[in-house]
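Shown next, in structure tokens, is the structure this report addresses.
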Amino acid sequence: MDLGISGRRALIAGSSSGIGAAIAAALAREGVEVLVHGRNRESAQGICDGIIAAGGKAAVFIASLDDPAEVAALARAAREGGPVDILTRGSGSFRRRRSMPCS
């Protein structure tokens with residue numbers, strides 16, 4: 001499928017695994033340069049390496065989205081290579097709640 005987005009740059013937050021990784025791979029197949037983001041460098045690098053091995057362009061960015069300073073640094077670093085045309089969030093989190101007894 002040709003979405004007409006070849007040559008664009010995309011930052012995919014949370015693309016070091018799961019749905020975010022699938023989004024990154026799909027965009028790379030469309031000719032998009034993918035900025036792989038995650039908290040775990042090894043996982044993010046694995047996704048990045050897979051995209052590059054398939055002929056795509058990718059780079060790794062590590063940051064915690066829970067820390068405003070790291071988010072700002074991520075944004076600055078991502079823009080250093082040129083404008084970011086596409087931004088998606090493939091990350092998710094949940095808070096563990098204490099078990100509540102059933103009534």
Side-chain angles (χ1 to χ4, degrees):
M1 175 182 342
D2 181 5
L3 298 176
I5 56 175
S6 182
R8 304 285 184 156
R9 292 180 80 236
L11 171 58
I12 315 302
S15 53
S16 62
S17 65
I19 292 171
I23 293 168
L27 288 175
R29 285 191 300 273
E30 289 293 322
V32 173
E33 178 184 352
V34 176
L35 310 179
V36 178
H37 161 264
R39 291 182 295 180
N40 180 287
R41 182 168 297 280
E42 186 177 316
S43 297
Q45 191 63 56
I47 299 302
C48 183
D49 291 346
I51 290 170
I52 292 169
K57 293 173 73 174
V60 171
F61 293 83
I62 304 301
S64 171
L65 298 181
D66 293 333
D67 182 337
E70 287 191 32
V71 171
L74 170 64
R76 282 191 304 275
R79 289 191 309 254
E80 284 179 3
V84 174
D85 304 298
I86 301 166
L87 174 64
T88 70
R89 181 172 179 208
S91 63
S93 64
F94 65 92
R95 293 193 173 136
R96 293 186 188 262
R97 295 185 182 190
R98 220 172 50 174
S99 297
M100 300 298 287
C102 295
S103 342

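What you see is a predicted model, and the numbers here were worked out from it, not measured in a lab. Note: hydrogens, waters and symmetry copies are ignored here, and every other heavy atom, side chains too, is used.
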If I compare all heavy atoms of [X] with all of [Y], which pair ends up nearest, and what's the gap?
| X | Y | answer |
| --- | --- | --- |
| Ala21 | Ile47 | CB-CD1, 3.7 Å |
| Val36 | Ala58 | CG2-CB, 4.5 Å |
| Leu35 | Val84 | CD1-CG2, 4.1 Å |
| Ile62 | Ala44 | CD1-CB, 4.0 Å |
| Arg39 | Asp66 | NH1-OD2, 4.4 Å |

Can you tell me how far apart [atom1] ([X]) and [atom2] ([Y]) are? Round to the nearest 0.5 Å.
| X | Y | atom1 | atom2 | value |
| --- | --- | --- | --- | --- |
| Ser6 | Glu30 | OG | CD | 8.0 Å |
| His37 | Leu87 | NE2 | CG | 10.5 Å |
| Glu33 | Leu11 | CD | CG | 11.0 Å |
| Ser15 | Leu27 | OG | CG | 9.5 Å |

> Any chain of hydrophobic side-chain contacts (each under 4.5 Å) joining Val32 to Ile52?
Replying inline: no
> If Ile, Leu, Val, Met, Phe, Trp and Tyr residues are connected whenever their side-chain heavy atoms lie under 4.5 Å apart, and connections chain through other members, are Ile23 and Ile51 in the same group?
Replying inline: yes
>> Is it true that, when you exclude Ile19 itself, more than 12 heavy atoms of the residues, nucleotides or ligands shown sit nearer than 6.0 Å to its CD1?
In response: no
Hey, does the side chain of [X] reach the backbone of [Y] with a donor-acceptor pair shorter than 3.5 angstrom?
| X | Y | answer |
| --- | --- | --- |
| Arg8 | Ile86 | no |
| Thr88 | Ile12 | no |
| Glu70 | Ser64 | yes |

>> Is any side-chain heavy atom of Asp85 closer than 4.5 Å to one of Ile5?
In response: no
